[in-house]
Amino acid sequence: MALAELPLPTPGPGQVLVRIEASVVNEMDVQVRDGGWPRQVKRFLRAGSVVTGFEFAGTVQSCGRRLRPGDRVAGYVHVLNGPRVHAEFACVAEADMARIPDDVPSADAAALVVMGLTAIEIVERLARRRPGRTALVIGAGGGVGVYALQLARHYGARVTAVCGEASADWIREQGAAEVRPREQGSPWRPGDAFDLVVDAPAASSFAEARPRMATGGLYVSTNPFADLWGFGLAALSRRRAGYLMMLTTDPHRLGRLFELHRQGALAPVIDSRFDLSQADAAFDRFAARGKRGRVILEMPQS
Ligand SMILES: NC(=O)c1ccc[n+]([C@@H]2O[C@H](COP(=O)([O-])OP(=O)(O)OC[C@H]3O[C@@H](n4cnc5c(N)ncnc54)[C@H](OP(=O)(O)O)[C@@H]3O)[C@@H](O)[C@H]2O)c1
């Protein structure tokens with residue numbers, strides 16, 4: 001991986017030029033660096049280089065239909081086909097971003113976007129804003145897990161969290177009523193009857209969770225492809241499996257994200273911040289164990 005000077009991109013129809021201030025490292029970025037996603041990589045190689053990153057906050061530089069130069073925005077581009085934003089400038093579709101409230105710093109806004117929207121999808125759409133009395137969040141220290149924990153608690157659930165032992169106190173501060181250290185092996189205990197199970201690392205399966213769920217309970221894995229059998233099983237069960245696939249966004253949903261942030265239901269959680277010149281270290285940090293929230297890449301602003 002190397003820093004490269006590229007031509008300043010020119011906005012196409014429906015796009016605006018954004019000066020990126022903060023971006024985030026995600027699993028797909030690390031997979032691309034490590035040789036994964038060959039089809040996408042080839043497509044970007046044809047354009048001259050492979051840039052990573054799909055989640056950002058920054059300032060609009062050109063006139064769009066809705067946005068004007070100087071507007072502070074955050075959003076994310078199409079995960080498979082969008083432009084990439086680990087860069088100082090990117091041309092992004094206006095539909096992929098929303099204005100940031102004045103009092104929210106760019107790094108905080110970027111830290112909320114994809115995983116905050118994922119938590120909204122899980123708790124508001126799939127669980128219909130009724131996560132129930134009890135929720136289990138596996139991988140509670142990571143990007144998805146910590147926001148799912150916060151939001152399930154906001155809607156009144158007592159949350160049990162699975163995370164590394166070293167993060168236990170911090171996870172209690174995030175609102176978990178009980179912590180089950182990952183190092184102890186199985187996340188399940190006798191008598192479990194969860195209304196909601198969120199499996200952020202896709203470490204379990206619907207079949208495994210089903211006996212530990214309440215009647216009518218919901219199981220959500222971040223990798224539905226890894227547990228397709230679970231959907232068949234759920235069709236025959238009085239417990240449900242929720243399908244989660246976040247590829248694109250829209251300004252309305254991003255607006256909802258910032259509204260929940262304003263209500264105190266979602267607080268940005270930043271594990272670490274790196275300057276663009278330290279991108280390799282940022283990617284390594286993402287891949288390391290024991291993270292607490294999002295890894296931010298900050299772009300030079302001079
Ligand atoms: N389907 C969708 O629409 C969608 C949307 C958003 C994200 N995702 C996917 O969701 C996954 C999670 O994303 P993320 O940002 O939350 O990742 P992350 O920040 O790396 O967090 C993963 C968490 O899971 C924990 N973990 C890993 N293996 C575990 C295991 N066997 N048992 C218990 N905990 C375990 C990790 O703990 P340690 O730090 O101790 O290793 C970490 O806290 C990624 O694969 C991402 O691509 C999918």
Side-chain angles (χ1 to χ4, degrees), residues 23-34 36-37 40 52-55 76-80 110-126 136-152 159-171 174 176 179-189 197-205 208-209 219-228 230-231 241-249 253 257 266 268-272 282-297:
S23 185
V24 186
V25 181
N26 281 287
E27 185 169 309
M28 185 179 170
D29 303 320
V30 177
Q31 288 170 349
V32 168
R33 179 190 68 168
D34 296 344
W37 297 91
Q40 273 70 28
T52 52
F54 51 86
E55 190 177 4
Y76 80 101
V77 299
H78 193 289
V79 171
L80 300 178
L112 275 170
V113 176
V114 173
M115 300 313 166
L117 287 172
T118 304
I120 295 174
E121 277 288 293
I122 295 171
V123 179
E124 292 202 340
R125 186 178 69 80
L126 298 172
L136 177 76
V137 177
I138 303 175
V144 174
V146 73
Y147 295 140
L149 187 171
Q150 292 181 7
L151 204 52
V159 181
T160 300
V162 180
C163 64
E165 236 156 37
S167 298
D169 288 342
W170 173 73
I171 283 293
Q174 298 297 312
V179 173
R180 296 181 181 174
R182 178 183 164 183
E183 290 80 357
Q184 288 179 9
S186 168
W188 314 109
R189 302 286 182 271
V197 175
V198 178
D199 183 356
S204 66
S205 65
E208 201 183 314
Y219 171 82
V220 184
S221 160
T222 57
N223 187 355
F225 299 112
D227 191 23
L228 286 175
F231 290 95
Y243 191 90
L244 184 68
M245 192 42 66
M246 304 264 304
L247 289 176
T248 54
T249 188
R253 281 161 76 198
L257 180 79
L266 281 175
V269 181
I270 296 179
D271 171 85
S272 42
F283 277 46
D284 289 345
R285 176 60 194 160
F286 182 88
R289 278 212 51 192
K291 276 193 315 296
R292 298 178 177 182
R294 319 300 320 277
V295 176
I296 303 288
L297 259 187

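One-based numbering, in listed order, for ligands and for the atoms of each. None of these values were measured; they are calculated from a predicted model.
- Looking only at heavy atoms of the protein, atom 39 (O) of ligand 1 is closest to G290 N, 2.6 Å.
- Nearest protein neighbour of atom 25 (C) of ligand 1, counting heavy atoms only, is G139 CA, 3.7 Å.
- Here the closest heavy-atom approach between residue I138 and residue P187 is recorded as CD1-CG, 4.2 Å.
- At a heavy-atom distance under 4.0 Å, only side-chain atoms of I138, from C-beta outward, approach ligand 1.
- Comparing heavy-atom distances from atom 26 (N) of ligand 1 across E165, R292, R294, R182 singles out R182 as nearest.
- Counting heavy atoms closer than 4.0 Å to ligand 1, residue T118 contributes side-chain atoms (C-beta onward) but none from N, CA, C or O.
- Remark: side-chain polar atoms of E55 are not paired, donor with acceptor, to backbone N or O of V24 under 3.5 angstrom.
- Listed by number with element, the atoms of ligand 1 under 4.0 angstrom from any heavy atom of A200 are 10 (O), 11 (C), 12 (C).
- Residue Y147 comes nearest to G143 through the heavy atom pair CD1-O, 3.3 Å, listed as atom of the first residue, atom of the second, then distance.
- The nearest non-hydrogen atom to atom 2 (C) of ligand 1, considering only V198, V220, L244, V24, comes from L244.
- Closest protein heavy atom to atom 13 (O) of ligand 1: V144 CG2, 3.8 Å.
- Nearest heavy-atom pair, G293 versus W170, reported as atom, atom and distance to 0.1 Å: N-CH2, 4.2 Å.
- Annotation for ligand 1: atoms under 4.0 Å from non-hydrogen atoms of F286 are 20 (O).
- Looking at atom 43 (O) of ligand 1, its nearest protein heavy atom turns out to be G142 N, 3.3 Å.
- For S221 and D227, the side-chain atoms include no donor-acceptor pair closer than 3.5 Å.
- For the pair Y219 (side chain) and G242 (backbone), a donor-acceptor distance under 3.5 Å is absent.
- Contacts between K291 and ligand 1, counted as non-hydrogen atom pairs separated by less than 4.0 Å, involve both the backbone and the side chain.
- Minimum heavy-atom separation, L80 to M28: CD2-CE, 4.2 Å.
- No salt bridge links E27 with K291; every basic N to acidic carboxylate O contact stays at or beyond 4.0 Å.
- Contacts of R289 with ligand 1, taken as heavy-atom pairs under 4.0 Å, involve both backbone and side chain.
- With respect to atom 31 (N) of ligand 1, the closest heavy atom belonging to the protein is A203 CB, 3.5 Å.
- Note: no N/O pair closer than 3.5 Å links M115 and ligand 1 by distance alone.
- When only interatomic distances are considered, the shortest N/O to N/O separation between G164 and ligand 1 does not fall below 3.5 Å.
- Nearest approach of V159 to A152, heavy atoms of both residues: CG2-CB, 4.0 Å.
- Of the protein's non-hydrogen atoms, the one nearest atom 45 (O) of ligand 1 is E27 OE1, 3.0 Å.
- At the top of the distance list for atom 48 (C) of ligand 1, counting protein heavy atoms only, stands T222 O, 3.4 Å.
- Both the backbone and the side chain of M246 come within 4.0 Å of ligand 1, judged by heavy-atom distances.
- With hydrogens and angles ignored, the 3.5 Å screen pairs a side-chain donor or acceptor of D199 with a backbone N or O of S204.
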